[in-house]
Amino acid sequence: MSIERINLIGVPVDICEPDKMEAAILELLAKPGTKQIVFLSVWDLLKARRKNDFAECVRNADLVLPVSKSILRGARFLKKPVPVRYNPFTAVIQVLGILDSHYKSLYLLGSHKKTLMKAEKNVRDTFPGLRIVGRYVGYYPKQDEDDIVQAIFKCQPSLVLVSDGIKDKNCWAYKRRNRFSSSIFLYYKDCFGIFSERIRRINEKTFEKGREMFVELAHNPFKIFLIFPYMRYKIILLWYRLFKK
């Protein structure tokens, strides 16, 4: 792919300008096998430094898009090329718009039935050129999984959009990558909630200023304790700046 990839404290991050997104998506569609787009927050970045399934998932992802301003600051601090930060929901809209203009297909996976149905209706209304070839709710019993995997394998959607209610989140597609044929997988927890108007999306100006954390704190005050991993991130950056080439 023609997208530049940097390594930030041991984790891959891609530099994808918005005007290159269409070419990147079309390149992914042309590749055989399971492909994956990952939205990477600074907390995900720290998690991906460990030895775990998520780390392997990120390292093998085809497109890793940063969603935290702290990642951009970290790249700048380490004197690396600075990636473009994406609002996850805006990026999902952009990807769906690209698929819509090329008459591609979509599979929806996640959420409760009522939310999923309303999200599907709104996606159909907004992207009339996009064929929705299947859907399945999240929070499903384990015995249903083989049927879901088989359904996705058979209909070969261009994109599988994964939302809340999927236990493995980003790792769901990665762990089952050998059981699919040629789809792109994209996980965004709040996607169907926003599409169904059950969840309010973060104001664009709030996101641009990097203040979305204050909105999250209002909903969950315990997130104040994220200050500790954030300080750890700062220390790791300083260590890389002083001692790593």
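Heavy atoms only: backbone and side chains are in, while hydrogens, waters and symmetry mates are out.
No salt bridge links Lys31 with Glu27; every basic N to acidic carboxylate O contact stays at or beyond 4.0 Å. Between Lys51 and Glu56, none of the side-chain N atoms (NZ, or NE/NH1/NH2) sits under 4.0 Å from a carboxylate O, so this pair counts as no salt bridge.
In terms of the side-chain contact (heavy atoms from CB on, under 4.5 Å) criterion, residue partners of Ile199 (sequence neighbours excluded) are, by chain and number, Asp190, Ile194.
Nearest heavy atom pair, residue Ser70 against residue Tyr233, reads O-OH, 2.8 Å. Residues Lys79 and Arg241 approach most closely at CE-NH2, 3.6 Å, considering heavy atoms. Across Pro157 and Ile152, no two heavy atoms sit closer than the pair CD-O, 3.4 Å.
You'll find the ring centres of Trp172 and Phe54 outside the 6.0 Å limit.
Partner Leu40 forms a side-chain contact (heavy atoms from CB on, under 4.5 Å) with one of Leu65, Leu8, Val11 and no other, that one being Val11. For the pairing with Leu99, the side-chain contact (heavy atoms from CB on, under 4.5 Å) check across Leu26, Leu159, Ile184 returns one residue only, Leu159.
Hydrophobic clustering (ILVMFWY, side-chain heavy atoms < 4.5 Å, transitive): Tyr103 and Leu28 are in distinct clusters. The cluster map of Ile, Leu, Val, Met, Phe, Trp and Tyr, joined by side-chain heavy atoms under 4.5 Å apart, puts Val133 and Ile148 in different clusters. By the rule that hydrophobic residues join a cluster once side-chain heavy atoms approach within less than 4.5 Å of another member, Phe153 and Phe185 end up as members of separate clusters.
Counting only N and O atoms by type, the side chains of Arg179 and Thr34 include no donor and acceptor under 3.5 Å apart. Under 3.5 Å, the side chains of Tyr139 and Asp164 contain a donor-acceptor pair of N or O atoms. Asp168 and Tyr174 share no side-chain donor-acceptor pair at under 3.5 Å.
No side-chain donor-acceptor contact under 3.5 Å links Ser105 to the backbone of Arg131.
Classification of the Tyr140-Tyr136 ring pair by plane angle, with boundaries at 30° and 60°, yields perpendicular.
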